[in-house]
Amino acid sequence: MSTPHRGLRLLGHPVHPMVAGFPLAFWAGGTVWDLAGVFWPGPPWAALAFWTLSLGLVASVPAFASGFVELVSLPANHSAERVAWWHMGFMSVAFCCILASVLLRRGPSGVTEKPGLLEISLALLGILVAFGGGWLGGELVFRHGVGVDRK
């Protein structure tokens, strides 16, 4: 079942898929920097991870906003409604994991030079949960036709 032109659109296309990739890319990149710091200790990795994860948090704001508009724009009893709520739940948990990881990296004198196991684990958990949420987003589009204009 496809969804007609509802929700937030830009030039006829849904906005959410346009912006949703940015947080995932930043969070994945930050996690890669963390893992690089584990294998090759040195000064740039911790700062790169902190700022890349932080950019992902900022980039998630338009993704969450546009996704919420899409969610509330679904017609009543749409077949995708349950999947959409699970998608939002996964992405919210991922956001919280990444946020906690970033906040724990802040010390009294700024960004810590070497994140601990907890900070790295939270970022890794966050990106894994986000990948699961992204898979659910794919389910919304490819199985349920959310945002698809079939003429």
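Residue numbers start at 1 and run along the sequence shown. Computed over heavy atoms, backbone and side chain alike; hydrogens, waters and symmetry mates excluded.
- When all heavy atoms of Ala123 and Leu53 are compared, the closest pair comes out as CB-CD1, 4.1 Å.
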Pair Ser60, Trp27 - check side-chain contact (heavy atoms from CB on, under 4.5 Å), show working. CA-CA 10 Å; Ser60 70; Trp27 292 344; 4.0 Å; yes

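- Between Arg105 and Asp34 there is a salt bridge, since a side-chain N of the basic residue sits under 4.0 Å from a carboxylate O of the acidic one.
- One distance of note links SG of Cys96 with CG of Leu103; it measures 10.5 Å at 0.5 Å rounding.
- Here Glu81 contributes atom CD and His144 contributes atom NE2; the two are 11.5 Å apart, rounded to the nearest 0.5 Å.
- In plain terms, the two heavy atoms of Gly126 and Ala94 that are nearest each other are O-CB, 3.3 Å.
- The heavy-atom pair separating Glu119 from Ser101 by the smallest distance is O-OG, 2.7 Å.
- Connection of Leu125 to Phe26 is not established within any shared hydrophobic cluster, with ILVMFWY side chains joined at heavy-atom distances below 4.5 Å, either directly or through further cluster members.
- No donor-acceptor pair under 3.5 Å is formed between the side chain of His87 and the backbone N or O of Leu136.
- The distance from atom CG of Leu122 to atom CG of Leu117, rounded to the nearest 0.5 Å, is 9.5 Å.
- Val15 and Ser66 make their closest contact through CG1-CB, 4.1 Å (heavy atoms, listed as atom of the first residue, atom of the second, distance).
- Between Ile127 atom CD1 and Ile98 atom CD1 the span is 6.0 Å, to the nearest 0.5 Å.
- Counting only residues at least two apart or on different chains, the ring-ring contact (aromatic ring centres under 6.0 Å, His included) pairs with a member in residues 44-74 are Trp33-Trp45, Phe64-Phe95.
- For the pair Ser54 and Val102, the tightest heavy-atom approach, listed with the atom from each and the gap, is OG-CG1, 3.5 Å.
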Just do the side-chain contact (heavy atoms from CB on, under 4.5 Å) check on Val83 and Arg143 with the steps written out, would you? CA-CA 10 Å; Val83 176; Arg143 289 198 193 264; over 6 Å; no

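- The CG atom of Leu74 sits 8.5 Å away from the OG atom of Ser79 when rounded to the nearest 0.5 Å.
- No path of Ile, Leu, Val, Met, Phe, Trp and Tyr side chains, each step under 4.5 Å between heavy atoms, connects Val32 with Phe22, placing them in separate hydrophobic clusters.
- A distance of 9.5 Å separates OG1 in Thr31 from CD1 in Ile120, rounded to the nearest 0.5 Å.
- Hydrophobic clustering places Leu128 together with Leu57 (ILVMFWY residues linked when any side-chain heavy atoms are closer than 4.5 Å, directly or through intermediates).
- By the criterion of side-chain heavy atoms lying less than 4.5 angstrom apart, applied directly or through intervening Ile, Leu, Val, Met, Phe, Trp or Tyr residues, Leu24 is not grouped with Leu55; the two fall into different hydrophobic clusters.
- Val129 and Trp135 fall within a single hydrophobic cluster, where Ile, Leu, Val, Met, Phe, Trp and Tyr are joined by side-chain heavy atoms under 4.5 Å apart, directly or via other members.
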Please step through side-chain contact (heavy atoms from CB on, under 4.5 Å) for the pair Leu71 and Trp85, ending with a clear verdict. CA-CA 8 Å; Leu71 174 63; Trp85 280 105; 3.8 Å; yes

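- A donor-acceptor pair under 3.5 Å is formed between the side chain of His16 and the backbone N or O of Ala63.
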